[in-house]
Protein chains: 2
Amino acid sequence: MAPQISATQSRTEQGLLANIFLRQDTSAQPHMGSVQNVSQDREIFAEGDHADCFFKIVSGVVRTCKFLADGRRQIDAFYVAGDIFGFEAGEDYQLSAEAVTDCTLIVYRRNKIDALAGSDKIASHELLAFAMRGMARAQAHSLLLGRRSAMEKVAGFLLTWAQASANRKTVSLAMTRQDIGDYLGLTIETVSRTLSQMERENVIDLPTARQIRVRNLEMLEDMAA
Amino acid sequence: MAPQISATQSRTEQGLLANIFLRQDTSAQPHMGSVQNVSQDREIFAEGDHADCFFKIVSGVVRTCKFLADGRRQIDAFYVAGDIFGFEAGEDYQLSAEAVTDCTLIVYRRNKIDALAGSDKIASHELLAFAMRGMARAQAHSLLLGRRSAMEKVAGFLLTWAQASANRKTVSLAMTRQDIGDYLGLTIETVSRTLSQMERENVIDLPTARQIRVRNLEMLEDMAA
DNA sequence: CGGGATTTTGATTCCAATCAAGTCCGGTGG
DNA sequence: CCACCGGACTTGATTGGAATCAAAATCCCG
(Lines give C-alpha, C1' and ligand atoms only; values in the text may rest on other atoms or scores of the structure.)
Protein backbone atom coordinates (compact mmCIF):
# COMPACT_ATOMS: atom_id res chain seq x y z
CA MET A 1 0.00 0.00 0.00
CA ALA A 2 1.43 3.33 -1.01
CA PRO A 3 1.19 6.09 1.55
CA GLN A 4 -1.49 8.52 0.52
CA ILE A 5 -0.15 11.60 2.05
CA SER A 6 -0.42 14.28 -0.56
CA ALA A 7 -3.88 15.30 0.50
CA THR A 8 -2.84 16.35 3.94
CA GLN A 9 0.75 17.20 3.36
CA SER A 10 0.57 20.90 2.85
CA ARG A 11 -0.80 21.45 6.28
CA THR A 12 1.08 23.73 8.65
CA GLU A 13 4.39 23.33 10.33
CA GLN A 14 4.48 19.60 10.47
CA GLY A 15 4.02 19.35 6.77
CA LEU A 16 7.40 20.95 6.44
CA LEU A 17 9.02 18.32 8.53
CA ALA A 18 7.19 15.60 6.73
CA ASN A 19 8.77 16.80 3.53
CA ILE A 20 12.11 15.77 4.81
CA PHE A 21 11.19 12.28 5.66
CA LEU A 22 8.76 11.71 2.89
CA ARG A 23 10.06 13.55 -0.06
CA GLN A 24 11.57 10.42 -1.56
CA ASP A 25 8.87 8.15 -0.28
CA THR A 26 6.47 7.14 -2.96
CA SER A 27 6.60 3.40 -2.59
CA ALA A 28 10.11 2.73 -3.76
CA GLN A 29 11.54 2.99 -0.26
CA PRO A 30 9.21 1.25 2.10
CA HIS A 31 11.91 1.27 4.77
CA MET A 32 11.41 4.98 5.14
CA GLY A 33 7.99 4.48 6.63
CA SER A 34 5.47 1.69 6.61
CA VAL A 35 1.74 2.19 6.71
CA GLN A 36 -0.34 0.88 9.55
CA ASN A 37 -4.07 0.91 10.20
CA VAL A 38 -5.35 1.19 13.73
CA SER A 39 -8.99 0.82 14.66
CA GLN A 40 -10.89 3.02 17.05
CA ASP A 41 -9.84 3.00 20.71
CA ARG A 42 -6.87 0.74 20.05
CA GLU A 43 -3.63 1.56 21.77
CA ILE A 44 -0.80 2.62 19.47
CA PHE A 45 1.86 2.66 22.15
CA ALA A 46 1.86 2.74 25.94
CA GLU A 47 3.62 4.95 28.43
CA GLY A 48 6.92 3.32 29.27
CA ASP A 49 7.29 1.40 26.01
CA HIS A 50 10.61 1.70 24.29
CA ALA A 51 10.22 4.63 21.90
CA ASP A 52 11.76 3.13 18.79
CA CYS A 53 9.11 4.48 16.44
CA PHE A 54 7.27 7.67 15.77
CA PHE A 55 4.20 8.24 13.63
CA LYS A 56 2.62 10.50 11.09
CA ILE A 57 -1.12 10.51 10.67
CA VAL A 58 -2.49 9.98 7.19
CA SER A 59 -6.11 9.98 8.36
CA GLY A 60 -8.00 9.81 11.63
CA VAL A 61 -7.44 11.31 15.05
CA VAL A 62 -5.07 10.19 17.82
CA ARG A 63 -4.91 11.15 21.49
CA THR A 64 -1.89 10.97 23.77
CA CYS A 65 -2.62 10.52 27.45
CA LYS A 66 -1.55 9.44 30.88
CA PHE A 67 -3.44 7.25 33.33
CA LEU A 68 -3.34 7.97 37.04
CA ALA A 69 -3.45 5.30 39.71
CA ASP A 70 -7.10 5.96 40.58
CA GLY A 71 -8.27 5.61 37.01
CA ARG A 72 -8.35 9.26 36.05
CA ARG A 73 -7.12 9.90 32.55
CA GLN A 74 -5.47 13.05 31.32
CA ILE A 75 -5.24 13.74 27.63
CA ASP A 76 -2.17 15.68 26.64
CA ALA A 77 -2.98 16.30 22.99
CA PHE A 78 -5.06 15.38 19.97
CA TYR A 79 -3.35 14.82 16.64
CA VAL A 80 -4.95 14.92 13.20
CA ALA A 81 -3.94 14.17 9.61
CA GLY A 82 -0.49 15.54 8.88
CA ASP A 83 0.59 15.65 12.51
CA ILE A 84 3.53 13.74 13.91
CA PHE A 85 3.46 12.18 17.36
CA GLY A 86 5.47 9.77 19.48
CA PHE A 87 8.67 11.70 18.89
CA GLU A 88 10.45 11.45 22.23
CA ALA A 89 13.41 13.09 23.91
CA GLY A 90 14.31 10.06 26.01
CA GLU A 91 14.41 6.31 25.50
CA ASP A 92 10.80 5.61 26.40
CA TYR A 93 7.40 7.05 25.64
CA GLN A 94 6.21 9.41 28.35
CA LEU A 95 2.58 9.07 27.30
CA SER A 96 0.28 6.49 25.80
CA ALA A 97 -1.23 6.99 22.35
CA GLU A 98 -4.64 5.72 21.29
CA ALA A 99 -6.78 5.95 18.19
CA VAL A 100 -9.76 8.26 18.73
CA THR A 101 -11.13 7.12 15.37
CA ASP A 102 -9.98 4.49 12.92
CA CYS A 103 -6.60 5.72 11.74
CA THR A 104 -4.07 5.24 9.03
CA LEU A 105 -0.54 5.98 10.18
CA ILE A 106 2.92 5.99 8.73
CA VAL A 107 5.46 4.47 11.08
CA TYR A 108 9.07 5.63 11.15
CA ARG A 109 11.96 3.98 12.87
CA ARG A 110 13.42 6.44 15.25
CA ASN A 111 17.06 5.57 14.69
CA LYS A 112 16.93 7.19 11.29
CA ILE A 113 16.40 10.53 12.93
CA ASP A 114 19.63 10.92 14.75
CA ALA A 115 21.44 10.19 11.53
CA LEU A 116 19.35 12.69 9.61
CA ALA A 117 19.64 15.36 12.24
CA GLY A 118 23.38 15.19 12.10
CA SER A 119 23.91 14.81 8.41
CA ASP A 120 21.24 16.92 6.78
CA LYS A 121 21.25 20.65 7.35
CA ILE A 122 17.72 21.21 6.24
CA ALA A 123 16.48 18.20 8.15
CA SER A 124 18.08 19.27 11.39
CA HIS A 125 16.69 22.74 11.03
CA GLU A 126 13.19 21.51 10.45
CA LEU A 127 13.43 18.92 13.20
CA LEU A 128 14.24 21.75 15.53
CA ALA A 129 11.29 23.76 14.27
CA PHE A 130 9.03 20.75 14.82
CA ALA A 131 10.20 20.30 18.39
CA MET A 132 9.78 24.00 19.11
CA ARG A 133 6.24 23.96 17.85
CA GLY A 134 5.50 20.93 19.96
CA MET A 135 6.71 22.95 22.91
CA ALA A 136 4.46 25.86 21.94
CA ARG A 137 1.50 23.50 21.67
CA ALA A 138 2.12 22.05 25.11
CA GLN A 139 2.50 25.56 26.55
CA ALA A 140 -0.80 26.62 25.02
CA HIS A 141 -2.43 23.62 26.66
CA SER A 142 -1.02 24.56 30.06
CA LEU A 143 -2.40 28.05 29.66
CA LEU A 144 -5.80 26.60 28.81
CA LEU A 145 -5.85 24.56 32.01
CA GLY A 146 -4.63 26.97 34.67
CA ARG A 147 -7.15 29.04 36.59
CA ARG A 148 -9.77 29.23 33.84
CA SER A 149 -13.48 28.64 34.08
CA ALA A 150 -15.22 25.76 32.35
CA MET A 151 -16.62 28.24 29.84
CA GLU A 152 -13.19 29.62 28.99
CA LYS A 153 -11.72 26.15 28.60
CA VAL A 154 -14.46 24.87 26.32
CA ALA A 155 -14.45 28.07 24.25
CA GLY A 156 -10.69 27.81 23.85
CA PHE A 157 -10.98 24.19 22.83
CA LEU A 158 -13.63 24.92 20.22
CA LEU A 159 -11.60 27.80 18.81
CA THR A 160 -8.60 25.54 18.33
CA TRP A 161 -10.67 23.11 16.33
CA ALA A 162 -12.53 25.81 14.47
CA GLN A 163 -9.23 27.29 13.38
CA ALA A 164 -7.93 23.92 12.22
CA SER A 165 -11.16 23.23 10.39
CA ALA A 166 -11.20 24.24 6.76
CA ASN A 167 -14.75 25.45 7.03
CA ARG A 168 -14.69 27.56 10.15
CA LYS A 169 -18.41 27.55 10.53
CA THR A 170 -18.90 23.89 11.35
CA VAL A 171 -16.59 21.82 13.49
CA SER A 172 -16.79 18.04 13.47
CA LEU A 173 -15.60 16.59 16.73
CA ALA A 174 -14.12 13.14 16.43
CA MET A 175 -13.87 12.70 20.18
CA THR A 176 -16.41 12.02 22.92
CA ARG A 177 -17.36 14.38 25.74
CA GLN A 178 -15.21 12.19 27.96
CA ASP A 179 -12.19 12.89 25.74
CA ILE A 180 -12.88 16.61 25.80
CA GLY A 181 -13.29 16.52 29.57
CA ASP A 182 -10.06 14.61 30.07
CA TYR A 183 -8.28 17.12 27.85
CA LEU A 184 -9.68 20.18 29.65
CA GLY A 185 -9.73 18.85 33.19
CA LEU A 186 -13.53 18.81 33.38
CA THR A 187 -16.23 16.17 33.76
CA ILE A 188 -18.43 15.11 30.85
CA GLU A 189 -21.41 16.72 32.57
CA THR A 190 -19.68 20.07 32.80
CA VAL A 191 -18.57 19.89 29.17
CA SER A 192 -22.12 19.08 28.12
CA ARG A 193 -23.69 21.80 30.27
CA THR A 194 -21.21 24.35 28.98
CA LEU A 195 -21.94 23.50 25.36
CA SER A 196 -25.68 23.66 26.09
CA GLN A 197 -25.26 27.07 27.63
CA MET A 198 -23.32 28.29 24.60
CA GLU A 199 -26.20 27.09 22.46
CA ARG A 200 -28.75 28.90 24.63
CA GLU A 201 -26.67 32.07 24.25
CA ASN A 202 -26.67 31.64 20.45
CA VAL A 203 -22.92 31.31 20.25
CA ILE A 204 -23.08 27.84 18.69
CA ASP A 205 -25.54 25.34 17.27
CA LEU A 206 -25.45 21.66 18.08
CA PRO A 207 -27.20 19.94 15.14
CA THR A 208 -25.83 16.66 16.47
CA ALA A 209 -23.68 16.07 19.52
CA ARG A 210 -20.51 15.87 17.43
CA GLN A 211 -21.31 18.66 14.97
CA ILE A 212 -20.81 22.18 16.19
CA ARG A 213 -21.75 25.19 14.12
CA VAL A 214 -20.18 28.45 15.22
CA ARG A 215 -22.85 31.13 15.02
CA ASN A 216 -20.92 33.94 16.63
CA LEU A 217 -17.18 33.58 16.37
CA GLU A 218 -16.48 36.91 18.01
CA MET A 219 -18.52 36.02 21.06
CA LEU A 220 -16.77 32.66 21.22
CA GLU A 221 -13.41 34.41 21.17
CA ASP A 222 -14.54 36.70 23.97
CA MET A 223 -15.57 33.67 26.00
CA ALA A 224 -12.09 32.20 25.67
CA ALA A 225 -10.81 35.34 27.46
CA MET B 1 8.69 47.62 26.39
CA ALA B 2 12.36 47.11 25.68
CA PRO B 3 14.37 44.86 27.96
CA GLN B 4 15.22 47.06 30.89
CA ILE B 5 18.40 45.55 32.06
CA SER B 6 20.47 47.25 34.67
CA ALA B 7 23.43 46.11 32.92
CA THR B 8 27.01 46.35 32.73
CA GLN B 9 29.28 43.48 32.30
CA SER B 10 30.12 42.37 28.83
CA ARG B 11 32.78 39.86 29.42
CA THR B 12 32.83 36.61 27.59
CA GLU B 13 31.29 33.67 29.25
CA GLN B 14 33.73 31.00 30.10
CA GLY B 15 32.13 27.62 30.50
CA LEU B 16 29.16 28.19 32.72
CA LEU B 17 27.15 28.42 29.58
CA ALA B 18 25.76 26.10 27.09
CA ASN B 19 28.52 23.69 26.34
CA ILE B 20 27.21 23.46 22.86
CA PHE B 21 27.24 27.01 21.80
CA LEU B 22 30.44 27.88 23.47
CA ARG B 23 32.42 24.81 23.70
CA GLN B 24 35.31 26.28 21.79
CA ASP B 25 34.92 29.61 23.45
CA THR B 26 37.67 30.32 25.89
CA SER B 27 37.95 34.05 25.62
CA ALA B 28 38.63 34.63 21.99
CA GLN B 29 35.01 35.07 20.96
CA PRO B 30 33.33 37.73 23.04
CA HIS B 31 30.61 38.13 20.44
CA MET B 32 29.09 34.85 21.47
CA GLY B 33 27.21 36.17 24.47
CA SER B 34 27.16 39.17 26.75
CA VAL B 35 26.37 39.14 30.45
CA GLN B 36 23.53 41.16 31.93
CA ASN B 37 22.18 41.66 35.41
CA VAL B 38 18.48 42.00 36.03
CA SER B 39 17.03 42.97 39.36
CA GLN B 40 14.08 41.35 41.06
CA ASP B 41 10.65 41.68 39.40
CA ARG B 42 12.06 43.44 36.36
CA GLU B 43 10.75 42.41 33.01
CA ILE B 44 13.29 40.72 30.77
CA PHE B 45 11.07 40.63 27.71
CA ALA B 46 7.36 41.00 27.07
CA GLU B 47 4.89 38.87 25.16
CA GLY B 48 4.82 40.14 21.61
CA ASP B 49 8.33 41.62 21.59
CA HIS B 50 10.48 40.67 18.67
CA ALA B 51 12.39 37.59 19.81
CA ASP B 52 15.87 38.49 18.68
CA CYS B 53 17.58 37.25 21.82
CA PHE B 54 17.48 34.25 24.08
CA PHE B 55 19.01 33.84 27.50
CA LYS B 56 20.92 31.48 29.73
CA ILE B 57 20.76 31.91 33.47
CA VAL B 58 24.03 32.16 35.36
CA SER B 59 22.33 32.80 38.69
CA GLY B 60 18.86 33.65 39.95
CA VAL B 61 15.37 32.50 38.99
CA VAL B 62 13.18 33.62 36.08
CA ARG B 63 9.48 33.10 35.39
CA THR B 64 7.74 33.14 32.02
CA CYS B 65 4.10 34.13 32.06
CA LYS B 66 1.04 35.42 30.29
CA PHE B 67 -1.33 38.12 31.46
CA LEU B 68 -5.05 37.82 30.80
CA ALA B 69 -7.29 40.78 30.13
CA ASP B 70 -8.84 40.74 33.62
CA GLY B 71 -5.46 40.81 35.34
CA ARG B 72 -5.05 37.13 36.01
CA ARG B 73 -1.53 35.91 35.49
CA GLN B 74 -0.49 32.45 34.45
CA ILE B 75 3.06 31.33 34.95
CA ASP B 76 4.24 28.87 32.35
CA ALA B 77 7.60 27.95 33.84
CA PHE B 78 10.36 28.78 36.28
CA TYR B 79 13.96 28.70 35.13
CA VAL B 80 17.08 28.38 37.26
CA ALA B 81 20.86 28.55 36.80
CA GLY B 82 21.90 26.66 33.70
CA ASP B 83 18.49 26.87 32.03
CA ILE B 84 17.87 28.50 28.69
CA PHE B 85 14.70 30.49 28.03
CA GLY B 86 13.30 32.88 25.45
CA PHE B 87 14.09 30.48 22.66
CA GLU B 88 11.15 30.88 20.28
CA ALA B 89 9.77 29.06 17.29
CA GLY B 90 8.28 32.18 15.70
CA GLU B 91 9.30 35.78 15.28
CA ASP B 92 7.95 37.04 18.58
CA TYR B 93 7.94 35.97 22.20
CA GLN B 94 4.77 34.13 23.13
CA LEU B 95 5.25 34.83 26.83
CA SER B 96 6.73 37.51 29.04
CA ALA B 97 9.79 36.81 31.17
CA GLU B 98 10.48 38.39 34.55
CA ALA B 99 13.16 38.07 37.20
CA VAL B 100 11.83 36.26 40.27
CA THR B 101 15.07 37.17 42.05
CA ASP B 102 18.04 39.30 41.05
CA CYS B 103 19.53 37.48 38.10
CA THR B 104 22.66 37.26 36.05
CA LEU B 105 21.97 36.24 32.49
CA ILE B 106 23.91 35.62 29.35
CA VAL B 107 22.25 37.05 26.29
CA TYR B 108 22.58 35.41 22.89
CA ARG B 109 21.59 36.90 19.60
CA ARG B 110 19.16 34.57 18.01
CA ASN B 111 20.45 34.85 14.48
CA LYS B 112 23.57 32.96 15.43
CA ILE B 113 21.49 29.94 16.15
CA ASP B 114 20.12 29.29 12.74
CA ALA B 115 23.65 29.35 11.44
CA LEU B 116 24.86 27.00 14.14
CA ALA B 117 21.98 24.64 13.77
CA GLY B 118 22.72 24.22 10.12
CA SER B 119 26.48 24.12 10.19
CA ASP B 120 27.39 22.26 13.32
CA LYS B 121 26.31 18.67 13.77
CA ILE B 122 26.79 18.55 17.48
CA ALA B 123 25.20 21.94 18.05
CA SER B 124 22.14 21.04 16.03
CA HIS B 125 21.78 17.77 17.85
CA GLU B 126 21.94 19.42 21.24
CA LEU B 127 19.61 22.19 20.17
CA LEU B 128 17.10 19.55 19.24
CA ALA B 129 17.58 17.85 22.58
CA PHE B 130 16.99 21.17 24.29
CA ALA B 131 13.76 21.78 22.41
CA MET B 132 12.55 18.26 23.15
CA ARG B 133 13.22 18.71 26.84
CA GLY B 134 11.28 21.96 26.74
CA MET B 135 8.38 20.08 25.21
CA ALA B 136 8.56 17.42 27.92
CA ARG B 137 8.62 20.11 30.60
CA ALA B 138 5.56 21.85 29.15
CA GLN B 139 3.73 18.52 28.94
CA ALA B 140 4.54 17.74 32.55
CA HIS B 141 3.08 21.12 33.51
CA SER B 142 -0.14 20.38 31.62
CA LEU B 143 -0.46 17.11 33.46
CA LEU B 144 0.03 18.88 36.76
CA LEU B 145 -2.83 21.27 36.02
CA GLY B 146 -5.57 19.05 34.64
CA ARG B 147 -8.11 17.57 37.02
CA ARG B 148 -5.86 17.41 40.06
CA SER B 149 -6.63 18.53 43.58
CA ALA B 150 -4.82 21.40 45.25
CA MET B 151 -2.94 18.86 47.35
CA GLU B 152 -1.75 16.94 44.31
CA LYS B 153 -0.65 20.10 42.54
CA VAL B 154 1.32 21.46 45.48
CA ALA B 155 2.89 18.07 46.19
CA GLY B 156 3.93 17.77 42.56
CA PHE B 157 5.38 21.25 42.62
CA LEU B 158 7.42 20.56 45.74
CA LEU B 159 8.71 17.29 44.32
CA THR B 160 9.96 19.05 41.21
CA TRP B 161 11.95 21.48 43.30
CA ALA B 162 13.09 18.85 45.77
CA GLN B 163 14.48 16.82 42.91
CA ALA B 164 16.29 19.83 41.47
CA SER B 165 17.67 20.73 44.86
CA ALA B 166 21.10 19.37 45.66
CA ASN B 167 20.09 18.63 49.22
CA ARG B 168 16.78 16.92 48.81
CA LYS B 169 15.78 17.43 52.38
CA THR B 170 15.40 21.21 52.31
CA VAL B 171 13.95 23.20 49.43
CA SER B 172 14.48 26.94 49.19
CA LEU B 173 11.68 28.59 47.30
CA ALA B 174 12.70 31.73 45.48
CA MET B 175 9.11 32.60 44.56
CA THR B 176 6.13 33.95 46.48
CA ARG B 177 2.89 32.10 47.20
CA GLN B 178 1.38 34.22 44.46
CA ASP B 179 3.92 32.87 41.98
CA ILE B 180 3.23 29.30 43.07
CA GLY B 181 -0.50 29.89 42.80
CA ASP B 182 -0.20 31.39 39.33
CA TYR B 183 1.90 28.41 38.27
CA LEU B 184 -0.50 25.80 39.67
CA GLY B 185 -3.79 27.53 38.93
CA LEU B 186 -4.57 28.11 42.61
CA THR B 187 -5.00 31.14 44.88
CA ILE B 188 -2.37 32.14 47.41
CA GLU B 189 -4.75 31.18 50.21
CA THR B 190 -5.17 27.67 48.86
CA VAL B 191 -1.42 27.24 48.40
CA SER B 192 -0.84 28.41 51.96
CA ARG B 193 -3.58 26.22 53.42
CA THR B 194 -2.29 23.20 51.53
CA LEU B 195 1.26 23.68 52.79
CA SER B 196 -0.07 24.13 56.33
CA GLN B 197 -2.01 20.91 56.05
CA MET B 198 1.09 19.07 54.83
CA GLU B 199 2.92 20.38 57.86
CA ARG B 200 0.12 19.22 60.19
CA GLU B 201 0.38 15.78 58.58
CA ASN B 202 4.14 15.74 59.22
CA VAL B 203 5.00 15.53 55.54
CA ILE B 204 6.97 18.78 55.57
CA ASP B 205 8.35 21.41 57.95
CA LEU B 206 8.08 25.12 57.30
CA PRO B 207 10.92 26.69 59.31
CA THR B 208 10.27 29.89 57.33
CA ALA B 209 7.72 30.53 54.62
CA ARG B 210 10.29 30.05 51.90
CA GLN B 211 12.20 27.12 53.42
CA ILE B 212 10.60 23.73 53.13
CA ARG B 213 12.05 20.67 54.74
CA VAL B 214 10.77 17.37 53.42
CA ARG B 215 10.16 15.08 56.36
CA ASN B 216 8.50 12.24 54.53
CA LEU B 217 9.40 12.06 50.87
CA GLU B 218 7.44 8.88 50.28
CA MET B 219 4.26 10.40 51.64
CA LEU B 220 4.85 13.48 49.51
CA GLU B 221 5.19 11.30 46.44
CA ASP B 222 1.95 9.53 47.30
CA MET B 223 0.23 12.88 47.62
CA ALA B 224 1.33 13.82 44.11
CA ALA B 225 -0.65 10.79 42.89
C1' DC C 1 11.89 48.80 66.78
C1' DG C 2 8.42 50.06 63.16
C1' DG C 3 5.86 49.57 58.99
C1' DG C 4 4.60 47.38 54.85
C1' DA C 5 4.49 43.30 52.33
C1' DT C 6 3.84 38.52 52.67
C1' DT C 7 1.74 34.75 54.69
C1' DT C 8 -1.55 32.40 57.49
C1' DT C 9 -6.05 31.52 59.22
C1' DG C 10 -11.12 31.97 59.39
C1' DA C 11 -16.05 32.47 57.45
C1' DT C 12 -18.75 32.33 53.61
C1' DT C 13 -19.84 31.81 48.70
C1' DC C 14 -19.79 29.77 44.32
C1' DC C 15 -18.47 26.84 40.54
C1' DA C 16 -17.80 22.45 39.10
C1' DA C 17 -18.04 17.47 40.78
C1' DT C 18 -20.88 14.01 42.02
C1' DC C 19 -25.02 11.45 42.18
C1' DA C 20 -29.11 10.36 39.66
C1' DA C 21 -32.41 10.21 36.05
C1' DG C 22 -33.81 10.81 31.70
C1' DT C 23 -33.19 11.45 26.43
C1' DC C 24 -31.25 10.82 22.08
C1' DC C 25 -29.39 8.66 18.69
C1' DG C 26 -27.00 4.76 15.83
C1' DG C 27 -26.86 0.31 15.06
C1' DT C 28 -28.97 -4.48 14.92
C1' DG C 29 -32.04 -7.94 14.38
C1' DG C 30 -36.85 -9.39 14.07
C1' DC D 1 -39.33 -0.98 8.23
C1' DC D 2 -39.50 -0.57 12.81
C1' DA D 3 -38.79 -1.97 17.61
C1' DC D 4 -35.37 -2.42 20.63
C1' DC D 5 -30.90 -2.14 22.78
C1' DG D 6 -26.84 0.11 24.54
C1' DG D 7 -23.73 3.72 24.65
C1' DA D 8 -23.33 8.67 24.46
C1' DC D 9 -25.19 12.70 25.79
C1' DT D 10 -28.16 15.95 28.43
C1' DT D 11 -30.42 17.66 32.36
C1' DG D 12 -31.52 18.06 37.32
C1' DA D 13 -30.47 18.00 42.49
C1' DT D 14 -27.12 18.08 45.79
C1' DT D 15 -22.44 18.11 47.58
C1' DG D 16 -17.79 19.50 48.05
C1' DG D 17 -13.46 21.85 47.32
C1' DA D 18 -11.37 25.90 46.14
C1' DA D 19 -12.34 30.96 45.55
C1' DT D 20 -13.49 34.95 47.70
C1' DC D 21 -13.93 38.08 51.42
C1' DA D 22 -11.96 39.42 55.73
C1' DA D 23 -8.68 39.78 59.36
C1' DA D 24 -4.74 38.47 62.07
C1' DA D 25 0.09 37.01 62.37
C1' DT D 26 4.68 36.93 60.76
C1' DC D 27 8.61 38.19 58.34
C1' DC D 28 11.72 41.35 56.45
C1' DC D 29 14.32 45.44 55.86
C1' DG D 30 15.37 49.87 56.76
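Lettering follows sequence order; numbering is per chain, from 1. The model shown is predicted, which means the values in this text are computed figures rather than measured ones.
A ring pair (Phe, Tyr, Trp, His ring centres under 6.0 Å) with A/F130 holds for exactly one of A/F54, A/F87, A/F85; it is A/F87. Put simply, the residue from A/R200, A/R193, A/E201 that forms a side chain to side chain donor-acceptor pair (under 3.5 Å) with A/Q197 is A/E201. No option in A/R73, A/K66, A/R63 other than A/R73 meets the salt bridge (Lys or Arg N to Asp or Glu O under 4.0 Å) test with A/D182.
Between the CZ atom of A/R147 and the P atom of D/dA19 there is a distance of 6 Å, rounded to whole Å. Protein atom CG of B/L173 is 17 Å distant from nucleotide atom C1' of D/dC28, rounded to whole Å. Atom pair B/E152:CD and C/dA17:C1' shows a separation of 14 Å (rounding to whole Å applied).
Residues from residues 182-201 of chain B lying near DNA chain D, meaning a heavy-atom separation below 4.0 Å, are B/G185, B/L186, B/T187, B/E189, B/T190, B/R193 in numerical order. Listed by residue number, the members of residues 61-77 of chain B with any heavy atom below 4.0 angstrom from DNA chain D form an empty set.
Looking at A/Q211, its side chain never comes within 3.5 Å of a backbone N or O of A/T208 through a donor-acceptor pair.
The closest side-chain donor-acceptor pair between A/T104 and A/N37 falls under 3.5 angstrom.
Across all strands shown, A/T208 has no heavy atoms under 4.0 Å from either base or sugar-phosphate atoms. Here A/R210 lies in heavy-atom contact (under 4.0 Å) with sugar-phosphate atoms only.
Sparse packing is recorded around CZ of A/R42, with 12 or fewer heavy atoms of other residues, nucleotides or ligands lying under 6.0 Å away.
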